[in-house]
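In what follows, every heavy atom counts, from backbone to side chain, and hydrogens, waters and symmetry copies are set aside. Below, read A as the first sequence line, B as the second, and so on, with proteins coming before strands; counting in each chain starts at 1.
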Amino acid sequence: MTADTFSKGLWRENPVFVQVLGMCPVLAVTNTAINSMAMGLATLFVLVMSSTLVSLLRHLIPKQVRIASFILIIATFVTAVDYVIQAISVELHKALGAFISLIVVNCIILGRAEAFASKNGVLDAMKDALGMGLGFTFGLLCLGGVRELFGSGSLFGWHVLGPHFEPWVLMVLPPGGFFTLAGWLWLIELRKGRAT
Amino acid sequence: MSQLFPLFLDACLINNFILAYFLGICPFLGVTREVNTSARMGGAVIFVMLVSSVCAFGVNALLTGLGVEFLRLISFIVVIASTVQLVEMAIKKLSPALFRSLGIFLPLITTNCAILAVALFQTAREYRFLQCVTYALGAGVGFFLVLVLMASMRQHLDLSDTPKSVKGTVLALVVAGILSTAFMGFAGMGGGS
């Protein structure tokens, strides 16, 4: 229960590749590695904070209104993150656009609040949220890295493929998101098929 | 009036919420196994989108008037959740048959990011009332269209012989990618607007 609470989110129950939750930001903001990283960290922060608070308040919130209360808690932290990102980098805020606000309706956060934080102690809830959040960030980076590498020949803004590389524009456009995610899921599926 | 139709087309086809903005991917992958259910889901989404867009317009005017814009996100999500609840109760009372056919989909719409996104986009772009309604309608119709298209294709794919490792989500994502590529063709329709 102890170490596993943290590590299960990283791979075995990875929110992106295994649970296939919170797909909207996964596909929308992963056109570059930097955007993916920022989105992942923002989600990680909201996830950890809201899970902690939900876990602290779990005996005080009546069962009937729990979902509404969770959403309010999440929306409060998202508003804070929105303003913080705007303060750090207006450029990044513009690139992520409405998707920062849309962290509110990311199913992972509400899912963890409902399935884990509302039933477990504060420390466990934090560990679980941290694991899930890092797993989510990892998933975003896997997509963002591939899409940026093929779509513009760079990684985190550094040109790595040389000047003769012809950018594969489709990868940074919407269809690229679908294809890349499909590719990753397929690889995982193939690996699973070989293991059994 | 002449600006409303391009706005409708923009929300419906050119910047389709699912295929260009990636909003509402959960219902897109979750309920597109059958054409019937996805059509019902699409209908419910159009309806809730219109109602919540009108409500969000009012709430935003109120918040701006009071000077407390930082409460926008929190108010929007509360408004949407209560709209969905209200619509659910109204339909249950007025038409039990429709209520049964929509079933589980109504509460699920609360967590559909497309609904919240319509409210956020219309605020960010400072649309006036009629523009808001047109935008919400366009987004809803586009959502409906893509859900039905996707469900029809997946129904056909179920019957065809595909490798075992790609069945399910992987195949759905590949189809979505191709569909999204096809929708990019609509981009020229905007005519520089």
If you count heavy atoms of other groups shown closer than 6.0 angstrom to [atom1] of [X], is the number above 12?
X	atom1	value
Tyr127(B)	OH	yes
Lys119(A)	NZ	yes
Met171(A)	CE	yes
Phe8(B)	CZ	yes

Linked, directly or transitively: [X] and [Y] (ILVMFWY side chains, under 4.5 Å):
X	Y	value
Val65(A)	Leu72(A)	no
Ile109(A)	Val84(A)	no
Leu145(B)	Phe5(B)	yes
Val59(B)	Leu62(B)	yes
Val29(A)	Val90(A)	no

Within a strict 4.5 Å, meaning less than it, do heavy atoms of the [X] and [Y] side chains meet?
X	Y	answer
Ile77(B)	Val105(A)	yes
Trp186(A)	Leu173(B)	no
Ile178(B)	Phe179(A)	yes

- request: Against chain A, work out which of Phe70(B), Phe121(B), Phe183(B) has the most heavy-atom pairs shorter than 4.5 Å and name it.
  value: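 Most heavy-atom pairs under 4.5 Å with chain A: Phe70(B).
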field: Among Ile18(B), Thr169(B), Ile25(B), residue most engaged with chain A (heavy-atom pairs, under 4.5 Å)
entry: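 Going by pairs under 4.5 Å, I would pick Ile25(B).
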Any chance you could measure [X], atom [atom1], to [Y], atom [atom2], to the nearest 0.5 Å?
X	Y	atom1	atom2	answer
Thr76(A)	Leu71(B)	OG1	CG	9.0 Å
Leu170(A)	Met184(B)	CG	CE	6.0 Å
Phe22(B)	Thr30(A)	CZ	OG1	7.0 Å
Phe99(A)	Leu23(B)	CZ	CG	4.5 Å
Leu73(B)	Ser101(A)	CG	OG	5.0 Å
Ser180(B)	Leu27(A)	OG	CG	9.5 Å

message: Looking at chain B, which one of Gly176(A), Gly177(A), Ala75(A) has the largest number of heavy-atom pairs inside 4.5 Å, strictly under?
response: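 Most heavy-atom pairs within the cutoff with chain B belong to Ala75(A).
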For [X], which atoms come within 4.5 Å of any heavy atom of chain A: side chain, backbone, both, or neither?
X	result
Ile74(B)	both
Val175(B)	neither
Phe76(B)	neither

message: Let's go through Val170(B) and Leu181(A) carefully: what are the C-alpha distance in whole Å and the side-chain angles of both, what is the deciding distance for side chain to side chain contact (heavy atoms under 4.5 Å, CB included) to 0.1 Å, and is it a yes or a no?
response: CA-CA 8 Å; Val170(B) 178; Leu181(A) 183 61; over 6 Å; no
- prompt: Where does Leu173(A) contact chain B at under 4.5 Å (heavy atoms): side chain, backbone, both or neither?
  reply: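 Side chain of Leu173(A) only, per the 4.5 Å heavy-atom cut-off to chain B.
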message: Checking Ser152(B) now: which residues fulfil side chain to side chain donor-acceptor pair (under 3.5 Å) with it, not counting sequence neighbours?
response: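 Ser152(B) satisfies side chain to side chain donor-acceptor pair (under 3.5 Å) with no other residue.
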